[in-house]
Engineer: 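Here it is, the structure, as structure tokens.
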Number of protein chains: 2
Amino acid sequence: MKIRDNYTCPLELTQDLTKGKWKPIILWQLSKSSPLSPSDLEKSIKGINQKMLLEQMAELVEAGMINKKIYEGYPLRTEYYLTERGFKMLEAITIMQGIGVDLMKENGMENILKSGGFIE
Amino acid sequence: MKIRDNYTCPLELTQDLTKGKWKPIILWQLSKSSPLSPSDLEKSIKGINQKMLLEQMAELVEAGMINKKIYEGYPLRTEYYLTERGFKMLEAITIMQGIGVDLMKENGMENILKSGGFIE
DNA sequence: CCGTATCCGATCCGATACTG
DNA sequence: CAGTATCGGATCGGATACGG
């Protein structure tokens, strides 16, 4: 993750640190159940693969949104959990989740909401 | 803007509609002063160019976050303003702005905060 | 001044393979 | 199971030019 040297406003910085297809979803998942191992998360996030998950989590750690606890020995085990900053970011994500629900209701996508296919 | 057909959760939809380098900043600017013309916005957002601005605004209109009012006649004039949904989205953006300020303070980037270079 | 089209480099993301 | 490396296609974003 490259932090640019010139930001015109703080919002851009936060954006940079939380952008990408998966990061908000990872934070959302960790807010509901924590701590979680990478394999747990991979199961709970439909469509993600191991590479994307670990890559995005490493960036979230760098951004101070999540932390990990590593257990020595075999089988390997690591657990991730939200930091205080991560919880704050989650407030923003929660609002966006609400907007998404509204949008889906307005656009005949209730099937997704009810199917249980999504993570709530 | 292509809306995917399969979302695993509403958050992904909102993300799709508000992603990109400029959209949150456009909403932020419109929240402080509204309505604004494209040329006003272009002046107030450092680094953006006309193409990106109009392109991103068109997508925000499609997403129902902003609306525009077109005045007939010459010189051409159009004004953009936030919708109710846009204001809701702004709550999330405001939180992220706050996180960005914290991050900058922790990382010796106060110069950006104080320089007046950013839009507050 | 508002808006659209094109071109092209940078970045993202998914598949796959590999290590400890 | 956790994590890293590589590669290629898709997408994004900035420059530039053109039209209403």
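All figures in this text were calculated on a predicted structure; none of them were measured in a lab. In what follows, every chain begins at residue 1, and chains take the letters A, B, ... in the order their sequences are listed.
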Engineer: Within the 4.0 Å heavy-atom criterion, would you say B:Gln50 contacts the bases, only the backbone, or no part of the nucleic acid?
Structural biologist: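 Base contact - B:Gln50 has a heavy atom under 4.0 Å of at least one base atom.
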Engineer: Does OP1 or OP2 of C:dG14 have a side-chain N or O of A:Asn49 closer than 4.0 Å?
Structural biologist: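 Negative; the distance criterion is not met.
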Engineer: Salt-bridged, B:Glu42 to B:Lys51, with N to O below 4.0 Å?
Structural biologist: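 No, no charged N to carboxylate O under 4.0 Å.
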Engineer: Provide, to the nearest angstrom, the distance between the CD atom belonging to B:Glu42 and the C1' atom belonging to C:dG3.
Structural biologist: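 It works out to 12 Å between those atoms.
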Engineer: Students often get this wrong, so: under 4.0 angstrom with heavy atoms, is A:Tyr71 touching a base, only sugar-phosphate, or nothing?
Structural biologist: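 Result for A:Tyr71 = nothing.
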Engineer: Determine yes or no for a side-chain-to-main-chain donor-acceptor pair under 3.5 angstrom, with B:Ser44 supplying the side chain and B:Leu41 the backbone.
Structural biologist: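 Checking the backbone N and O of B:Leu41 against the side chain of B:Ser44, a donor-acceptor pair under 3.5 Å is found.
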Engineer: Donor-acceptor pair, B:Thr14 side chain versus A:Gln97 backbone, under 3.5 Å?
Structural biologist: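 No: the side chain of B:Thr14 does not pair with the backbone of A:Gln97.
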Engineer: Classify the nucleic acid contact of B:Pro75 as base, sugar-phosphate or nothing, counting any heavy atom under 4.0 Å across all strands shown.
Structural biologist: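 No contact.
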Engineer: Measure across A:Met89 and A:Met65 and return the closest heavy-atom pair with its distance rounded to 0.1 Å.
Structural biologist: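 Result for this residue pair: CB-SD, 3.7 Å.
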Engineer: Write down the distance between CG (A:Leu53) and C1' (D:dT4), rounded to a whole number of angstrom.
Structural biologist: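 Nearest whole value for this atom pair: 14 Å.
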Engineer: So, A:Arg85 side chain and B:Leu103 main chain: donor-acceptor pair closer than 3.5 Å or not?
Structural biologist: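 Pair absent, no side-chain N/O of A:Arg85 close to backbone of B:Leu103.
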Engineer: Let me know the distance between CD1 of A:Ile26 and P of D:dA2, rounded to the nearest Å.
Structural biologist: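 In whole Å, D:dA2 P and A:Ile26 CD1 are 14 Å from each other.
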Engineer: Tell me: CD of B:Glu72 to C1' of C:dC1, nearest whole Å?
Structural biologist: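 Roughly 14 Å, once rounded to whole Å.
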Engineer: May I have the distance from B:Gln15 (atom CD) to C:dC12 (atom P), rounded to whole angstrom?
Structural biologist: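 That distance rounds to 14 Å.
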Engineer: Take the protein atom CZ of B:Arg77 and the nucleotide atom P of D:dG20, then report the distance between them rounded to whole Å.
Structural biologist: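 Result: 23 Å.
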Engineer: Starting at atom NZ of A:Lys69, determine the distance to atom P of D:dA2, rounded to an integer number of angstrom.
Structural biologist: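 Distance check: A:Lys69 NZ to D:dA2 P gives 15 Å.
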Engineer: Determine: side-chain N/O of B:Ser39 to OP1/OP2 of C:dC2, distance under 4.0 Å, yes or no.
Structural biologist: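 So the side chain of B:Ser39 is within the cut-off, an N or O lying under 4.0 Å from OP1 or OP2 of C:dC2.
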Engineer: Starting at CG of B:Leu54 and ending at P of D:dT16, how long is that distance when rounded to a whole Å?
Structural biologist: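 In whole Å, D:dT16 P lies 17 Å from B:Leu54 CG.
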Engineer: Determine whether B:Tyr71 and B:Leu30 fall in the same hydrophobic cluster, where Ile, Leu, Val, Met, Phe, Trp and Tyr are linked whenever their side-chain heavy atoms lie under 4.5 Å apart.
Structural biologist: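 Hydrophobic grouping puts B:Tyr71 apart from B:Leu30.
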Engineer: Any N or O donor-acceptor pair linking the side chain of B:Lys51 to the base of D:dG14 at under 3.5 Å?
Structural biologist: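 A donor-acceptor contact between them is present.
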Engineer: When you measure from the side-chain N and O atoms of B:Tyr80 to the phosphate of C:dG3, is any distance below 4.0 Å, counting only OP1 and OP2?
Structural biologist: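 True: B:Tyr80 side-chain N/O within range (under 4.0 Å) of C:dG3 OP1/OP2.
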Engineer: Looking at A:Lys21, does any N or O in its side chain come under 4.0 Å of the phosphate oxygens OP1/OP2 on C:dG14?
Structural biologist: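 Yes, because at least one side-chain N or O of A:Lys21 sits under 4.0 Å from OP1 or OP2 of C:dG14.
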Engineer: Using OP1 and OP2 only, check whether a side-chain N or O of B:Trp22 sits under 4.0 Å from D:dG14.
Structural biologist: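 The answer is yes; a side-chain N or O of B:Trp22 sits under 4.0 Å from OP1 or OP2.
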Engineer: Let me spell it out: for each of B:Ala58 and B:Leu76, pick the nucleotide of DNA chain C with the closest heavy atom. Which residue's pick is nearer the 5' end?
Structural biologist: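 Result: B:Leu76.
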Engineer: May I ask you to verify if any side-chain N or O of B:Ser37 is less than 4.0 angstrom from the OP1 or OP2 atom of C:dC1?
Structural biologist: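 Checking B:Ser37 against C:dC1: no side-chain N or O falls below 4.0 Å of OP1 or OP2.
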Engineer: Can you figure out which of D:dC12, C:dC13, C:dG20 approaches the side chain of A:Tyr74 most closely?
Structural biologist: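 Selected nucleotide: C:dG20.
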Engineer: Closest-nucleotide mapping onto DNA chain C: is B:Met57 or A:Gly47 further toward the 5' terminus? I mean the 5' end.
Structural biologist: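 Looking at DNA chain C, the more 5' nearest nucleotide goes with B:Met57.
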